[in-house]
Amino acid sequence: MAAIEVNKISKKYGTVSALNEVSFSVKKGEIFGLIGPDGAGKTTLFRILTTLLSPDAGKAAVNGLDVVKDYAAIRRIVGYMPGHFSLYQDLSVRENLEFFATVFGTTIEANYSDIKDIYSQLEPFNNRRAGNLSGGMKQKLALCCALVHKPSVLFLDEPTTGVDAVSRKEFWNMLYRIRSGGVTILVSTPYMDEASLCDRIALIHEGAIFDTGTPAQIISQYPYGLLSVKGKPVYELLKFVRKCDGVINCFSFGAESHAAIDTTKTNAEKLSEDIMAGGFRGCTVKTISPGVEDCFLRFSIEKHDGKG
C-alpha cells in the first residue's frame with residue numbers, strides 16, 4: 001500500500017480550475033517532490049490531502065485512509081507545514097511547541113528523540129518569541145511543531161521559500177534524517193534545483209501533472225539538443241536566437257540562455273556562426289545537459305501550444 005494515493009483529484013474555485021484530474025502515488029518512506037511555480041495548484045492539493053479542503057471530484061488516501069471519510073484519523077497521523085509561517089508569533093519557541101504537542105495529546109518530552117536534532121538548535125532560544133526568530137529558525141520551529149506528535153506522513157508546502165541558500169541546504173539535510181526514520185515526506189517547491197534532492201517528483205502546472213518519475217528519468221526523456229548561449233545585450237541576443245534556424249525555443253537562465261535545438265538543423269558551431277552573422281560579438285555557445293527546469297519549460301510550452 002502506498003503512503004499517498006491521488007486519483008483524478010479536481011478542484012475549482014468558481015470558474016477557476018485549481019486542479020484538473022491530478023493523479024500520482026507516493027511510496028512509503030520516500031521524499032516525493034511536487035514541482036511547479038506559484039499558482040500551479042500545489043497548496044490546494046496539500047489542503048485536500050491534509051483534510052482541510054474537500055475535492056470536487058476524484059479520490060485520495062493517506063496510509064489507506066480516505067481524505068473525506070477518514071479525515072479525523074488522518075489528522076492524527078500527518079504533520080503539516082504550510083507555505084507561510086503560521087505559528088503563534090507572540091508565543092515563545094517553547095510555548096508554541098508545547099501547544100502543538102498538547103493538541104495531539106502528547107508532550108515534548110515523550111517525543112524528544114524524534115525532534116532532538118532540530119530542537120537542540122532552538123533550545124537556546126526557548127524563551128524568544130516566535131515572531132522575533134530569523135527565517136531559518138522559524139523554519140526549524142515550524143518543522144518541530146509538525147513532527148512533535150510522531151506523524152507517519154509529513155506534508156511540507158514550499159518550506160524553503162524566503163530563506164537563504166545555507167538554510168535551504170541545512171533544511172534538506174534535516175529531511176533526509178527524518179526520512180531515514182521511516183517518515184514519508186511530500187514536499188512542494190517552486191525551486192527547480194530542489195527537484196534533484198527528491199527520490200521522485202511530479203511536475204505540475206496550471207493544475208495538471210505533466211510527468212512523474214525520478215529526476216534522472218524525467219531528464220532522460222528530454223528530446224532535444226540543448227545549448228548554453230552567453231553574450232550581451234542579453235535580451236536582444238535571446239530574441240535573435242529564438243529566430244535562428246533549428247532553434248525550437250530559448251529561455252533566459254540567469255546570465256545565460258538555454259536554447260533547445262533540432263540537432264539535424266543546427267549545433268553549437270552553426271548557431272555561433274549565425275549569432276556572429278547577426279552582429280553580436282564576444283558570445284559563447286556550448287552544448288550542455290538538460291536539467292529539470294528545462295524539462296518543465298518544455299512541458300509547459302507544449303501544453304500551451306496544445307501538444308501536451
Taking the basic N atoms (NZ, or NE/NH1/NH2) and the acidic carboxylate oxygens, is any pair closer than 4.0 Å for Lys239 and Glu236? yes
Nearest-0.5 Å distance, CG of residue Leu238 to OG of residue Ser257: 4.5 Å
Would you indicate whether the side-chain heavy atoms of Phe46 and Leu52 approach each other to under 4.5 Å? no
Looking at OG1 of Thr43 and CD1 of Ile48, how far apart are the two atoms once the value is rounded to the nearest 0.5 Å? 11.0 Å
Applying salt bridge (charged side-chain N to carboxylate O under 4.0 Å, His left out) to Glu158 and Arg168, what does each step give before you reach the verdict? CA-CA 11 Å; Glu158 299 192 0; Arg168 284 174 62 192; over 6 Å; no
Compare all side-chain heavy atoms of Leu197 with those of Ile31 and state whether any distance is below 4.5 angstrom. no
Working to the nearest 0.5 angstrom, can you tell me the gap between Leu133 CG and Ser92 OG? 9.5 Å
May I ask you to decide whether Lys27 forms a salt bridge with Asp199, counting only side-chain N to carboxylate O separations under 4.0 Å? no
Dump the intermediate steps for salt bridge (charged side-chain N to carboxylate O under 4.0 Å, His left out) on Asp114 and Lys150, then the final yes or no. CA-CA 7 Å; Asp114 293 290; Lys150 284 191 174 181; 3.7 Å; yes
Between Glu21 and Lys12, is there a side-chain N and carboxylate O pair less than 4.0 Å apart? no
Could you tell me whether Asp274 and Lys270 have a side-chain N and a carboxylate O separated by less than 4.0 Å? yes
Measure the spacing between CZ of Phe210 and CD1 of Ile201 and express it to the nearest 0.5 Å. 12.5 Å
CD1/Ile178 to CG/Asn173 distance, rounded to the nearest 0.5 angstrom? 11.0 Å
Quick check: do Arg298 and Pro223 have side-chain heavy atoms less than 4.5 Å from each other? yes
How are the rings of Phe99 and Tyr88 set relative to one another: parallel (under 30°), tilted (30 to 60°) or perpendicular (over 60°)? perpendicular
Could you tell me if the side chain of Leu49 sits less than 4.5 Å from the side chain of Leu45, heavy atoms only? yes
Can you label the angle between the His205 ring and the Phe296 ring as parallel, tilted or perpendicular, going by 30° and 60°? perpendicular
Looking at Phe253 versus Phe251, is the centre-to-centre ring distance below 6.0 Å? no
Evaluate the ring planes of Tyr176 and Trp172, with Trp represented by its six-membered ring, and classify them as parallel (under 30°), tilted (30 to 60°) or perpendicular (over 60°). tilted
